[in-house]
Amino acid sequence: AVFVPGFVLALSWLNSITAGHTKKVVTNAVFLSAGSIGAAVGPFMWKAQYKPRDHVPWAVIGASHVVCPILLLTIRAVLARENRLRDAEPIVDEEEDYARVIEGIIDGHRVEVKVDKGFLDMTDRQNRAFRYVL
C-alpha cells in the first residue's frame, strides 16, 4: 500500500522527537491506536450510496493526503522554532550531560550527586539540552 513508507517514517520521527521512556511509550501507543482505529473505520466509508464513482470516499482520502503533509510541515516549523529558542538560552551548567540530584540529607546537609541526564527519564520538554530532529 502507498501509506506504509509514510507510516514507518512517521513512527520513526515520533521516536526521534520524543524523550523519556514513559512519554515515548504513551506517544507510540496513541499513534498506533489512532492508526488502528483509522484502518478499522476506513472500509465503512465505501457505502453503496456512493457508487458507482465513490466520490465521497475518494474525496476523504484525497483530503487526508493533502492535510497530513501540511500538519507535518507545521509540526516541523514549531519544532524548528523550539530548537532556535533552546539554542538562544544561556547555558546554566558547563556539563550539559549531567544533572545534580539530591541523594539524601546527612547531618542536616544535602548530599547531591551528579547523574547522567540520560538516566533521569526526562521528557523533551524537561530536558532543555534536547534538540528535536528535523
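Side chains are part of it too, since the values below use all heavy atoms of this structure and drop only hydrogens, waters and symmetry mates. Just so you know, these numbers come straight off a predicted model, no measurement behind them.
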**Message:** Walk me through whether Lys47 and Val56 qualify under side-chain contact (heavy atoms from CB on, under 4.5 Å).
**Reply:** CA-CA 9 Å; Lys47 295 182 179 179; Val56 172; over 6 Å; no
**Hphob cluster co-occupancy, Tyr132 + Ile75, side-chain heavy atoms under 4.5 angstrom** = yes
**Prompt:** When rounded to the nearest 0.5 angstrom, what distance separates NE2 in His21 from CG in Leu120?
**Reply:** 15.0 Å
**Item:** CH2/Trp46: more than 12 non-hydrogen atoms of other groups inside 6.0 Å
**Value:** yes
**Message:** Going by ring-ring contact (aromatic ring centres under 6.0 Å, His included), name the residues that satisfy it together with Tyr50, two or more places apart in sequence or in a different chain.
**Reply:** none
**Asked** Looking only at atom types and distance, does a side-chain atom of Ser12 sit under 3.5 Å from a main-chain N or O of Val8, one as donor and one as acceptor?
**Response** no
Side-chain polar contacts of residues 22-43 - donor-acceptor pairs under 3.5 angstrom, sequence neighbours left out - could you list them?
| residue | atom | partner | partner atom | Å |
| --- | --- | --- | --- | --- |
| Lys23 | NZ | Asp124 | OD1 | 2.9 |
| Lys23 | NZ | Asp124 | OD2 | 3.2 |
| Lys24 | NZ | Asn15 | O | 3.1 |
| Thr27 | OG1 | Lys23 | O | 2.9 |
| Thr27 | OG1 | Lys24 | O | 3.0 |
| Asn28 | ND2 | Asn15 | OD1 | 3.1 |
| Asn28 | ND2 | Lys24 | O | 3.3 |
| Ser33 | OG | Ala29 | O | 2.7 |
| Ser36 | OG | Leu32 | O | 2.9 |

**Asked** Under a 4.5 Å side-chain heavy-atom rule over Ile, Leu, Val, Met, Phe, Trp and Tyr, are Leu79 and Phe130 clustered together?
**Response** yes
**Item:** Residue from His109, Lys114, Arg110 passing side chain to side chain donor-acceptor pair (under 3.5 Å) with Glu112
**Value:** Arg110
**Asked** For the atom pair CG (Leu134) and CZ (Arg76), what is the distance rounded to the nearest 0.5 Å?
**Response** 4.5 Å
**Item:** Glu82: salt bridge (charged side-chain N to carboxylate O under 4.0 Å, His left out) partners, not counting sequence neighbours
**Value:** Arg86, Arg125, Arg128
**Fill in**
Scanning both residues in full, the closest heavy-atom pair of Asp121 with Gln126 reads O-OE1, 4.3 Å
**Complete:** Pro69 and Ser64 have their tightest heavy-atom pair at CD-O, 4.4 Å
**Prompt:** Would Leu72 end up clustered with Ile17 when hydrophobic side chains under 4.5 Å apart are linked, directly or stepwise?
**Reply:** yes
